[in-house]
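What follows is a set of notes on a single structure, which appears directly below.
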Amino acid sequence: MKQNPKRCVKKREHPIDPANVLGKKNKEREISAADHRLLGQQLDLFSISEDVGVGLVLWHPNGTIVRNVIRDYWEKEHLQNGYQLVCTPHIARRELWKTSGHLDYYEQNMYVFEKDGEGLVVKPMNCPFHIAIYKARPRSYRELPIRYAEWGTVYRYERSGTLQGLLRVRGFTQDDAHIFCTAEQVKQEILTLLDFTRRIMRRFGFEEYRVYLSTRDPEHPEKYMGSNEEWQRAQNALAEALQEKTIAFREVPGEAVFYGPKIDMNIVDAAGREWQCTTLQFDFNLPKRFNITYVGADNKEHEVVMIHRALLGAIERFFAILLEHCNGNLPTWLAPVQVSVIPVSDDCLEYAESVHRKLVSCGIRAELDDSTSTVSYKIRNAELQKIPYMAIVGKHEAETGRIAVRKHGTGNAGSMAIKELARQIRKHGN
RNA sequence: GCCUCGAUAGCUCAGUCGGUAGAGCAACAGCCUUGUAAGCUGUAGGUCGCGGGUUCAAUUCCCGCCCGAGGCUCCA
């Protein structure tokens, strides 16, 4: 996607208050009909139970469908774009986090426990695991860049007052990946990532961004690992990549992570609110701390550079943003139920069942409403559940072998063949 | 974690000037056989968030805690 000149204009119309940067915006949000917490309850997508624990999300069957559809799409894209999928444990030895430096910076926010006299940590990050996989054998420059991707579930202790629905939780899943490459490859990787991110986000209906380059706070270098030169070089690499893509961005000193500078691509939702999801983080520190290297063409060991990146960010949070963005009217490819088959009366139940079976065999997520209620009542339920399509079948349809289609929100869409509806749904992406 | 406000049925809420509670919807059971956003009747459902205090008596008043909402701070 080329940088849209209009976007630059728009950017000027919304001067950025640095105090708003890290999602600190959206302050005046109040419970509205489009609040994801309300939608989550009405559409039976997820819940948070006091018995289970605060900030821990229970994904209901409907929510799990959406989540898995997102994950399947995400995995397909990653496999097609040079990533390898990995799977890592939920806990690890305390020592690992000592090495990574996370313990020093974030111990109060980590779930730490002990077993057999050994300290263990519930993972707050996936990076040390991906590093360990990299480290499992010697690496040649020929195999770089190596890109490991994982839907990694992590746990971070967040203070109770900061929790908010799905937007801020204690257990969440990152669409995480770590790219191991040479210093020379970093810029190209960032360039590729900028395009990749925008393609994925467009699939979910997010087109507009505000981009930030988070750099070190020059007045407090002690808050960061690494030398001045390394930081300067890393920051320059990120800035150059952005400039090369002619993406307008704002530099935000003091917002960098302790191990390196980063690019945040904040999406703008339907209500014009800005959300931090995508983050591309440069890291020359962790590779050093874990002593990971590659063997170069010169047969010597070289330091490897790492890029941490999450595109959707935390799935829980992204799901909430997406839900509010579309006001619960999930696009058909994401809808937990795509078609509700509604028989007019018991006489048509048999035909309704065959319609349902056919849709399911076409790969459509269809449900059959065989309750004894009236047609109006079933339609009302399907509308309230925001199901994209309804297939109303009565005597007339049974005779002609067709279905009367009704579209959510727009009403009667006329008679069509079953296959035609299936085709229409698949066209919008399944 | 801090400040303010709140918590009554699965959901949305009413109510009790202190005498252990109601509605609508949902659920369940019948009836109805339905043609594009609520058909009819009935049944069941509550330790009034948890613990303590005051009182003859607490869902109601007081205190603590838990949870929620908004804000502050924070978010690898």
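Chain letters run A, B, ... following the sequence lines, proteins first and then strands; every chain starts at 1.
Of the side-chain N and O atoms in A:R168, none sit less than 4.0 angstrom from OP1 or OP2 of B:rC74. For the pair A:T162 and B:rC74, the criterion of a side-chain N or O lying under 4.0 Å from OP1 or OP2 is not met. Regarding contacts with the backbone of B:rG1, a side-chain N or O of A:Y157 is found under 4.0 angstrom from either OP1 or OP2. Look at A:Q164 and you'll find a side-chain N or O under 4.0 angstrom from OP1 or OP2 of B:rG70. Within the 4.0 Å cut-off from OP1 or OP2 of B:rG35, not a single side-chain nitrogen or oxygen of A:Y377 is found.
A:S376 comes within contact range of the sugar-phosphate backbone alone, with a heavy-atom separation under 4.0 Å but no base atom that close. Residue A:S100 is out of contact with every strand shown, counting any heavy-atom pair closer than 4.0 Å. Across all strands shown, A:E397 has heavy atoms under 4.0 Å from base atoms, whether or not it also approaches the sugar-phosphate. Within 4.0 Å of A:Y259, counting heavy atoms only, lie sugar-phosphate atoms of the nucleic acid but no base atom. Counting any heavy atom pair closer than 4.0 Å across all strands shown, A:V154 reaches no nucleic acid atom. Residue contacts shown for A:V344 include a base, since a base heavy atom lies under 4.0 Å away. Among the protein residues, A:H308 comes within range of no part of the nucleic acid, since none of its heavy atoms lies under 4.0 Å from any strand.
Atom CZ in A:R170 sits about 12 Å away from atom C1' in B:rC67, given to the nearest Å. Atom CG of A:L38 is separated from atom C1' of B:rG10 by 15 Å (rounded to the nearest Å). Between the CG atom of A:D35 and the C1' atom of B:rG68 there is a distance of 13 Å, given to the nearest Å. Distance A:F258 CZ to B:rC74 P: 18 Å, rounded to the nearest Å. Between the NZ atom of A:K378 and the P atom of B:rG39 there is a distance of 11 Å, given to the nearest Å.
No cation-pi contact links A:R67 to A:W151, judged by a cut-off of 6.0 Å to the six-membered ring centre and 45° from its axis.
RNA chain B lies under 4.0 Å from at least one heavy atom of each of the following residues of residues 120-130 of chain A: A:P124, A:M125. RNA chain B is contacted by A:R380, A:E383, A:L384, A:I392, A:G394, A:K395 of residues 380-395 of chain A, taking any non-hydrogen atom closer than 4.0 Å. For RNA chain B, the residues of residues 401-413 of chain A within the heavy-atom distance limit of 4.0 Å (strictly under) are A:A404, A:R406, A:N412, sorted by number.
Comparing B:rA26 with B:rC13, their C1' atoms sit 14 Å apart, to the nearest whole Å. Rounded to whole Å, the separation between the P atoms of B:rU43 and B:rA23 comes to 11 Å. Rounded to the nearest Å, the gap between the C1' atom of B:rU8 and that of B:rG24 is 15 Å. Going from the C1' atom of B:rU36 to that of B:rC75 covers 48 Å, rounded to whole Å. Rounded to a whole angstrom, the distance from the P atom of B:rA29 to that of B:rC61 is 40 Å. Comparing B:rC62 with B:rA7, their P atoms are spaced 13 Å from each other, to the whole Å. Here, B:rA9 and B:rC48 have their C1' atoms 10 Å apart, quoted to the whole Å. To the nearest whole angstrom, the two P atoms, one in B:rG1 and one in B:rA37, are 49 Å apart.
With sequence neighbours left out, A:E230 forms a salt bridge (Lys or Arg N to Asp or Glu O under 4.0 Å) with A:K288. Listed by chain and number, the residues in a side chain to side chain contact (heavy atoms under 4.5 Å, CB included) with A:A183 are A:V305 (sequence neighbours excluded). With sequence neighbours excluded, the residues forming a side chain to side chain contact (heavy atoms under 4.5 Å, CB included) with A:N236 are A:Q232, A:E240, listed by chain and number. Residues satisfying the ring pair (Phe, Tyr, Trp, His ring centres under 6.0 Å) test with A:F290, not counting sequence neighbours, are none. For A:N228, the side chain to side chain contact (heavy atoms under 4.5 Å, CB included) partners at least two apart in sequence or on another chain are A:R216. For A:Y224, the ring pair (Phe, Tyr, Trp, His ring centres under 6.0 Å) partners are A:W231, not counting sequence neighbours.
With ring centers used as reference points, A:W275 lies 6.0 Å or more from A:F206. Centroid-to-centroid, the aromatic rings of A:F318 and A:F204 come within less than 6.0 Å. Separation of the A:Y259 and A:H308 ring centroids falls under the 6.0 Å cut-off.
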Both distances under 3.5 Å, Watson-Crick or G-U wobble: on that basis, could you give the dot-bracket string for RNA chain B, with [ ] for crossing pairs and | for other-strand partners?
((((((...((((.....[..)))).(((((.......))))).....(((((..]....))))).))))))....

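Among B:rC31, B:rC11, B:rG68, the nucleotide with an atom closest to any side-chain atom of A:Q41 is B:rC11. When distances run from any side-chain atom of A:T374 to the nucleotides B:rU33, B:rU36, B:rG39, the shortest one goes to B:rG39. For A:S160, whose side chain is taken as the heavy atoms from C-beta onward, the closest listed nucleotide among B:rG68, B:rC32, B:rG1 is B:rG1.
In this structure, A:Y106 forms an aromatic stack with the base of B:rA76, since both conditions hold: centre separation below 5.5 Å and plane angle below 30°.
Judged by distance alone, with hydrogens and angles left aside, A:D346 brings a side-chain donor or acceptor within reach of the base of B:rU33, the pair sitting under 3.5 Å.
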Could you list the donor-acceptor pairs under 3.5 angstrom formed between side-chain atoms of residues 412-423 of chain A and any protein atom two or more places apart in sequence or on another chain?
{"from": "A:N412", "atom 1": "OD1", "to": "A:G414", "atom 2": "N", "distance (Å)": "2.8"}
{"from": "A:S415", "atom 1": "OG", "to": "A:R402", "atom 2": "NE", "distance (Å)": "3.0"}

Output side-chain donor-acceptor pairs under 3.5 Å for residues 40-57 of chain A, partner residues at least two apart or in another chain, one line each.
{"from": "A:S47", "atom 1": "OG", "to": "A:H60", "atom 2": "NE2", "distance (Å)": "3.3"}
{"from": "A:S49", "atom 1": "OG", "to": "A:D51", "atom 2": "N", "distance (Å)": "3.0"}
{"from": "A:S49", "atom 1": "OG", "to": "A:V52", "atom 2": "N", "distance (Å)": "3.3"}

